[in-house]
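The structure appears below as structure tokens.
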Amino acid sequence: MKHAVVLDGTRCRGCTTCIKNCPTEAIRVRQGKAAILSDRCIDCGRCIQVCPHRAIRSVSDSLDRLKDFRYCVAVPEPALYGQFRHLEQVDQVLNGLLHIGFHKIFEAAKAAEILAEYVARRIEGSPAKFPLISPQCPAILRLIRIRFPRLIPHLDPLVMPMELAATLARKEACAETGLPPEEIGVFAIVPCPAKVTAAHSPEGLSQPVLDGALSIRDVYLRLLRPMEGQNNLLPLSASGATGVGVAMSGGASHARQAKRYVAVDGIENCIQMLEEIEDGRQPDVDFIELAACTQGCVGGCLTVENPYAAKMRLRRLMDEMSPTSSWPAEPEELDQEIITFSRTPQYSPAFRLDPDRAEAMAKHLRIQALEASLPGLHCGSCGAPNCRAFAEDVVLGRASADDCIFKVRERMRDVAGPESDAYLPPPFRQKKPREGSE
Amino acid sequence: MEPVRLSYPVEGGDFIQAGEASSKMKMTLKKLGLPADVIRKAAICMYEGEINMVIHANGGRADVEITMDQITLRMVDQGPGIPDVARAMEEGYSTAGPEVRSLGFGAGMGLPNMKRYSDELHIDTELGKGTTVIMKIKIG
């Protein structure tokens with residue numbers, strides 16, 4: 001699987017900021033540069049946000065890719081609308097998109113409303129276990145898949161709004177233009193690397209339905225000029241406030257008219273909630289909405305504006321909109337085939353020490369023994385986020401026990417005697433340089 | 001084959017940290033590749049045991065032993081002991097005070113849940129000395 005989160009080796013200085021902040025311990029520093037353990041990365045973008053050297057980026061598709069297709073459809077995520085300072089209506093953004101190479105727009109917000117309508121009409125309810133977990137945030141989906149396998153059956157198996165929008169948009173575009181589906185390019189405009197990855201390797205679909213994903217940040221810059229002095233705006237906006245609201249934490253719960261729900265945002269909070277659901281001690285609710293980013297998609301690391309300002313702007317826009325789109329979904333838009341998962345997400349045990357349990361236990365014993373000999377300072381000098389992760393790396397063959405600076409110090413003392421202590425940086429010294437100097 | 005042993009201190013009166021031992025143990029059990037339902041049972045037993053020690057015994061220690069066929073949880077405290085074990089085993093019976101209940105604990109489901117989710121439960125308690133609860137969960 002190809003991740004959208006990538007490292008720029010020329011910028012990385014090998015500091016330990018990212019390894020310490022990664023919620024799945026998916027980064028190590030090797031040969032002075034950070035490196036991502038692909039099977040553990042959930043593309044949440046935490047590392048991108050914390051990197052002081054801007055060395056971790058998200059690769060998203062470039063606008064040049066539009067040239068590969070004869071007809072291009074934009075699927076803007078509603079978080080895009082919250083980025084502009086003096087926006088009066090969503091149509092300003094959508095008309096702008098028609099000036100940067102797109103021929104047609106299908107809003108993810110509109111698809112979110114169709115999904116909500118599907119949920120409301122679903123007579124037998126969701127096939128998933130209660131409490132239902134929202135499948136909207138792909139970073140959370142992937143996190144569940146690698147760390148909380150017991151919760152996979154709780155995922156309400158609905159495609160993401162951008163995926164439904166893409167399927168419907170391609171169909172419409174084919175009918176309108178007479179072109180074959182492969183000559184139509186459908187691109188989402190997304191706030192986060194998780195959605196870029198999901199566009200290419202979807203979690204709940206056996207085939208991608210998008211041709212790519214552009215970052216809100218890239219598109220924002222290109223939109224500024226065409227959005228100046230617009231007049232005669234085409235009425236393109238097809239969503240109401242409900243669909244736009246899914247860009248904010250709680251928006252998906254509101255859209256599906258969940259009565260007893262909890263909406264959690266921020267990756268650490270989400271992990272805590274998932275732990276609780278796994279043990280059956282979650283709050284007494286039917287629906288749990290989880291978003292890896294602060295405040296929901298408006299907090300994505302590929303946006304421009306800070307999440308709180310973006311949220312305030314979306315609210316202001318939503319106040320001027322009707323609650324939902326003025327026309328109900330067509331029956332073919334509510335087709336179960338295109339609206340639900342076409343494959344069940346599978347457990348991918350990224351943390352398992354060994355497929356064989358006896359072997360895993362033997363490895364764990366060696367990890368425990370090594371960890372007990374480590375200083376427990378979690379200094380990160382070895383390139384692992386903490387001493388336990390380092391011990392694991394050694395036993396799994398990803399590192400050498402000599403990579404611990406304290407182990408090296410012991411050896412130095414053996415060779416050079418106790419004076420060598422003074423040449424070590426203060427945190428690693430055992431004694432003060434001069435006794436009683438203070 | 002040597003068993004894997006884990007040990008966690010449980011602080012008394014600390015409701016914020018309660019559940020930490022359970023979460024940490026759960027991560028280790030996932031690393032060992034244990035079946036999901038076994039992990040869940042062990043996590044629930046551990047959590048209830050932790051909460052009990054936090055509420056009633058001013059903390060204690062949780063020891064875990066994992067072999068190929070079972071998980072043994074040993075919750076040891078030096079608390080006041082359980083005066084009436086039979087009643088404590090009844091659903092809904094709790095001696096927790098109003099402050100504890102206001103936090104959503106003390107619903108009287110602790111020991112009943114431990115019994116329900118473990119395959120074996122032994123309680124060894126002495127008034128004024130402390131309580132040791134041993135729970136075994138079979139790995140199918």
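Just so we're on the same page: letters track the sequence lines, and every chain starts at 1.
Options A:Ala362, A:Pro149, A:Ala358 differ in how many heavy-atom pairs under 4.5 Å they form with chain B, and the most are formed by A:Ala358. Heavy-atom pairs under 4.5 Å with chain B were tallied for A:Met361, A:His364, A:Arg352; the largest tally goes to A:Met361.
Here A:Asp286 does not pair with A:Lys259 in a salt bridge; the nearest charged N to carboxylate O distance is not below 4.0 Å. Using a 4.0 Å cut-off between a side-chain N of Lys or Arg and a carboxylate O of Asp or Glu, B:Lys31 and A:Glu25 do not qualify as a salt bridge. Ionic pairing of B:Asp119 and B:Lys138 is not present here: no N-O contact between side-chain nitrogen and carboxylate oxygen is shorter than 4.0 angstrom.
Side-chain atoms of A:Ser381 do not come within 3.5 Å of backbone N or O of A:Ile405 as any donor-acceptor pair. A donor-acceptor pair is defined here as one N or O able to donate and one able to accept, closer than 3.5 Å; no such pair exists between the side chain of A:Arg281 and the backbone of A:Glu276. A donor-acceptor pair under 3.5 Å is formed between the side chain of A:Thr24 and the backbone N or O of A:Arg40.
No part of A:Ala350 comes within reach of chain B, as not one of its non-hydrogen atoms sits under 4.5 angstrom from that chain. In this structure, the portions of A:Arg147 lying under 4.5 Å from any heavy atom of chain B include both its backbone and its side chain. Of the two parts of A:Glu392, only the side chain, counted from C-beta on, holds a non-hydrogen atom closer than 4.5 Å to a non-hydrogen atom of chain B. Proximity to chain A involves both the backbone and the side chain of B:Lys30, based on heavy atoms less than 4.5 angstrom apart.
Considering A:Leu132, A:Ile140, A:Ile133, A:Thr344 in turn, A:Ile133 is the only one that fulfils the side chain to side chain contact (heavy atoms under 4.5 Å, CB included) rule with A:Leu155.
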Considering only distance and modelled atom types, tabulate donor-acceptor pairs under 3.5 Å from the side chains of residues 367-375 of chain A, sequence neighbours left out.
residue  : atom : partner  : partner atom : Å
A:Gln368 : NE2  : B:Arg5   : O            : 2.7
A:Ser373 : OG   : A:Leu370 : O            : 2.8
A:Ser373 : OG   : A:Lys407 : NZ           : 2.9

Apply salt bridge (Lys or Arg N to Asp or Glu O under 4.0 Å) to the pair A:Arg28 and A:Asp403, showing each step before the final yes or no. CA-CA 12 Å; A:Arg28 300 291 183 271; A:Asp403 295 343; over 6 Å; no
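Near-neighbour residues of residues 38-70 of chain B relative to chain A, defined by a heavy atom under 4.5 Å from a heavy atom of that chain, comprise B:Arg40, B:Ala43, B:Ile44, B:Tyr47, B:Ile66, B:Thr67, B:Met68.
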